[in-house]
Chemist: 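Let me give you the structure first, and then I'll get to my questions.
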Protein chains: 2
Amino acid sequence: MTGPVLRDWQSVRAEVLRRIHVRDWKPGDLIPNEADLASEFGCARSTVNRALRDIAQSGLLDRRRKAGTRVASNPVARATLSIPVMREEIEGVGRKYGYQLLSRSTEIPPVAESAAMQLTPDDALLHIRALHLADDRPFALENRWIDPGVVPGVTDAPLENISANEWLLQNAPYTHGEIAFSATVAQASDAPLLGCDTGAPLFVTERLTWDGTRAVTRVRILFPPGYQMRTAL
Amino acid sequence: MTGPVLRDWQSVRAEVLRRIHVRDWKPGDLIPNEADLASEFGCARSTVNRALRDIAQSGLLDRRRKAGTRVASNPVARATLSIPVMREEIEGVGRKYGYQLLSRSTEIPPVAESAAMQLTPDDALLHIRALHLADDRPFALENRWIDPGVVPGVTDAPLENISANEWLLQNAPYTHGEIAFSATVAQASDAPLLGCDTGAPLFVTERLTWDGTRAVTRVRILFPPGYQMRTAL
DNA sequence: AGAATTATTATGTGCATACATAAAATCAGC
DNA sequence: GCTGATTTTATGTATGCACATAATAATTCT
């Protein structure tokens, strides 16, 4: 039963995945330890380690010291979403990107915003509304609040030509963020901009990014009916 | 400039991230090569390699052989979505999970389904409609098609008690899949089940899973207004 | 000059070894 | 029996070395 020698970690990964797939190792099962697998495959333990670590990262294996490695019984599917800059998302599918700044002003935001950003309700923020176009048709409507106290240069940023997201990525550091996806219906004010009817279903993404303990920006983007966010599993 | 010695890869990662963050290394910049960093940090090159690989995986660094490693100029944000089984999603936030099988029958699916699953339009599939409940209130409405030719045991599966997803995870292997998220409005037929009004905005997830070249199952899940899918960035 | 060839270089990987660490399993003491 | 200390063990990681590979840079040839 000395199968072909598996020298590289990707082959080891493939073989382990195969065994899981054909149910040699069933959900919940404990699989042999790294040392045994290494000697079976004819490679170093570190190679097996790399392969198993990679699989574990995808959620298909559970690894715990001393307890060993077992096949996840409820493999929490983990999908990695790439969230590119709007321009790349559009140009990536061969369409022409367009950008249109609708408004830009410094205002006191609604309490919902200042609360989410953990600011006092009377802090003024830079408010930006913009439309992203694909082949000259509405692709997404952006509604963004930026704290100029955290991002000093914003007030002079050339946001007529470059989207706020792109400018911020280049100019404002951040440490972490949160994203939420949901659905809503088109308001009468937004519908014409998105080229849809009032009441039409819109896909919404909301992002809040932080630099340490300070909120940098909060953005809500509305996508017209038909938009899908897709990813591989 | 012999800072504190950084021995482990997580410290190295933290330090590299810090330098990116404080713009020592700006978007687009080429950073020193692994060997140099290793000697600066006082650790082995493989340790630096591990750290940089990890950062690159998150999208913040671009690495190419010979060309070197540079800070991504448009850091494509990569969010990892965990898509647990519905029961765990609900119990995970401390609510009581409930499951209710609405209907189960073998039918010829609409062409949209059979096309997506790459089947001939006259193949009969198992059709399941079910409601997931959180604290006895509607949480999600599931509409699923399963190819019994690919999953032999399904026709006898006890889908009154266990959700199809859980049963399939335990009993039907798959190799890969696709997910799409979108928005729609509640149909008159679905609204009462979801406890919302007709025309209310619904969040939709659609999943299609494959076992090699054969489609296993396709599911469309509707979430009532207010539902958000969240993740960290 | 332009094309084809060769050298150089940074990352990618494999391996053997050593030690660290978490957690299960066992044992000691009451 | 139960509790707490101790041992065992599987994974986690660091290291130095070697070689593979991709892609750029330099060189040679026509």
Side-chain angles (χ1 to χ4, degrees), chain A residues 2-17 19-20 24-73 75-76, chain B residues 2-17 19-20 24-73 75-76:
Chain A
T2 57
V5 178
L6 304 176
R7 315 196 153 288
D8 56 275
W9 71 271
Q10 317 204 36
S11 314
V12 171
R13 179 180 58 183
E15 173 61 12
V16 171
L17 287 173
R19 291 187 187 183
I20 294 173
D24 256 7
W25 297 333
K26 292 183 263 302
D29 281 5
L30 197 62
I31 77 173
N33 68 39
E34 296 184 346
D36 290 351
L37 287 176
S39 73
E40 183 196 337
F41 293 151
C43 66
R45 179 168 81 92
S46 51
T47 306
V48 174
N49 182 280
R50 172 93 190 257
L52 297 187
R53 241 193 311 122
D54 187 87
I55 298 176
Q57 200 167 25
S58 80
L60 224 68
L61 287 178
D62 279 334
R63 280 156 78 67
R64 271 165 55 214
R65 281 176 164 155
K66 166 71 184 175
T69 301
R70 55 182 67 235
V71 181
S73 34
V76 176
Chain B
T2 56
V5 177
L6 304 175
R7 313 196 155 286
D8 55 277
W9 73 269
Q10 314 202 35
S11 315
V12 172
R13 180 181 57 183
E15 173 60 13
V16 171
L17 287 173
R19 292 188 186 182
I20 294 173
D24 257 7
W25 297 333
K26 291 182 265 300
D29 281 5
L30 197 61
I31 78 174
N33 69 41
E34 297 184 347
D36 290 351
L37 287 175
S39 73
E40 183 196 337
F41 293 150
C43 65
R45 179 169 82 90
S46 48
T47 305
V48 174
N49 180 281
R50 172 91 190 260
L52 296 186
R53 240 194 310 123
D54 187 88
I55 299 176
Q57 198 168 26
S58 81
L60 225 67
L61 288 177
D62 278 334
R63 282 158 76 66
R64 271 166 51 217
R65 281 174 164 157
K66 164 73 182 175
T69 300
R70 55 181 66 236
V71 181
S73 33
V76 175

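Note that the coordinates shown come from a computational prediction; the quantities given were computed from them, not determined experimentally. All chains are named by letter (A, B, ...) in the order of the sequence lines, taking the proteins before the strands, and each is independently numbered beginning at 1.
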Chemist: Nucleotide range of DNA chain D contacted by chain A, 5' to 3', under 4.0 Å to a heavy atom?
Modeler: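 Here the contact window of chain A covers D:dT8 to D:dT13.
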
Chemist: Only counting residues at least two apart or in another chain, list the ones meeting salt bridge (charged side-chain N to carboxylate O under 4.0 Å, His left out) with A:R19.
Modeler: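 With sequence neighbours excluded, A:R19 shows a salt bridge (charged side-chain N to carboxylate O under 4.0 Å, His left out) to A:E15, A:E40, given in chain and number order.
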
Chemist: Pull out every residue in residues 60-73 of chain A that has a heavy atom closer than 4.0 Å to any atom of DNA chain C, ordered by number, or say none.
Modeler: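 By residue number: A:R64, A:R65, A:K66.
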
Chemist: Would you say B:N49 and B:R53 are linked by a side-chain donor-acceptor pair, where the criterion is simply a distance under 3.5 Å?
Modeler: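 The answer is yes; a qualifying pair exists.
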
Chemist: If I take atom CG in residue B:N33 and atom P in nucleotide C:dG12, what distance separates them, rounded to the nearest angstrom?
Modeler: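 Atom-to-atom, B:N33 to C:dG12, this comes out as 12 Å.
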
Chemist: Quick one: salt bridge (charged side-chain N to carboxylate O under 4.0 Å, His left out) partners of A:R63, sequence neighbours excluded?
Modeler: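 So A:R63 forms a salt bridge (charged side-chain N to carboxylate O under 4.0 Å, His left out) with A:E34.
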
Chemist: Applying side chain to side chain donor-acceptor pair (under 3.5 Å), can you list everything that pairs with B:D24, at least two apart in sequence or on another chain?
Modeler: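 None.
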
Chemist: Could you work out, with salt bridge (charged side-chain N to carboxylate O under 4.0 Å, His left out) as the rule, every residue matching A:R13, not counting sequence neighbours?
Modeler: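 Counting only residues at least two positions away or on another chain, A:R13 forms a salt bridge (charged side-chain N to carboxylate O under 4.0 Å, His left out) with A:D54.
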
Chemist: Heavy atoms only: give me the nearest B:V71-B:L61 pair and the separation to one decimal.
Modeler: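 Here B:V71 and B:L61 meet closest at CA-CD2, 3.9 Å.
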
Chemist: With sequence neighbours excluded, what pairs up with A:K26 under the side-chain contact (heavy atoms from CB on, under 4.5 Å) test?
Modeler: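 In terms of side-chain contact (heavy atoms from CB on, under 4.5 Å), with neighbours along the sequence ignored, A:K26 is linked to A:R23, A:D29.
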
Chemist: Between B:R70 (side chain) and B:G28 (backbone), is there a donor-acceptor pair under 3.5 Å?
Modeler: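 Yes: the side chain of B:R70 pairs with the backbone of B:G28.
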
Chemist: List for me each residue that meets side chain to side chain donor-acceptor pair (under 3.5 Å) alongside A:D8, sequence neighbours excluded, and say none if there are none.
Modeler: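 So A:D8 forms a side chain to side chain donor-acceptor pair (under 3.5 Å) with A:S11.
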
Chemist: Applying side-chain contact (heavy atoms from CB on, under 4.5 Å), can you list everything that pairs with A:R7, at least two apart in sequence or on another chain?
Modeler: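 If we apply the side-chain contact (heavy atoms from CB on, under 4.5 Å) test to A:R7, skipping adjacent residues, the hits are A:V5.
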
Chemist: What is the per-nucleotide protein-contact pattern of nucleotides 14-19 of chain C, from the 5' end, where B denotes a base atom under 4.0 Å from a protein heavy atom, S denotes such proximity for sugar-phosphate atoms only, and - denotes neither?
Modeler: SBS-B-

Chemist: CZ of A:R13 versus C1' of C:dG12: gap in Å, rounded?
Modeler: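 Computing the A:R13:CZ to C:dG12:C1' distance gives 14 Å.
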
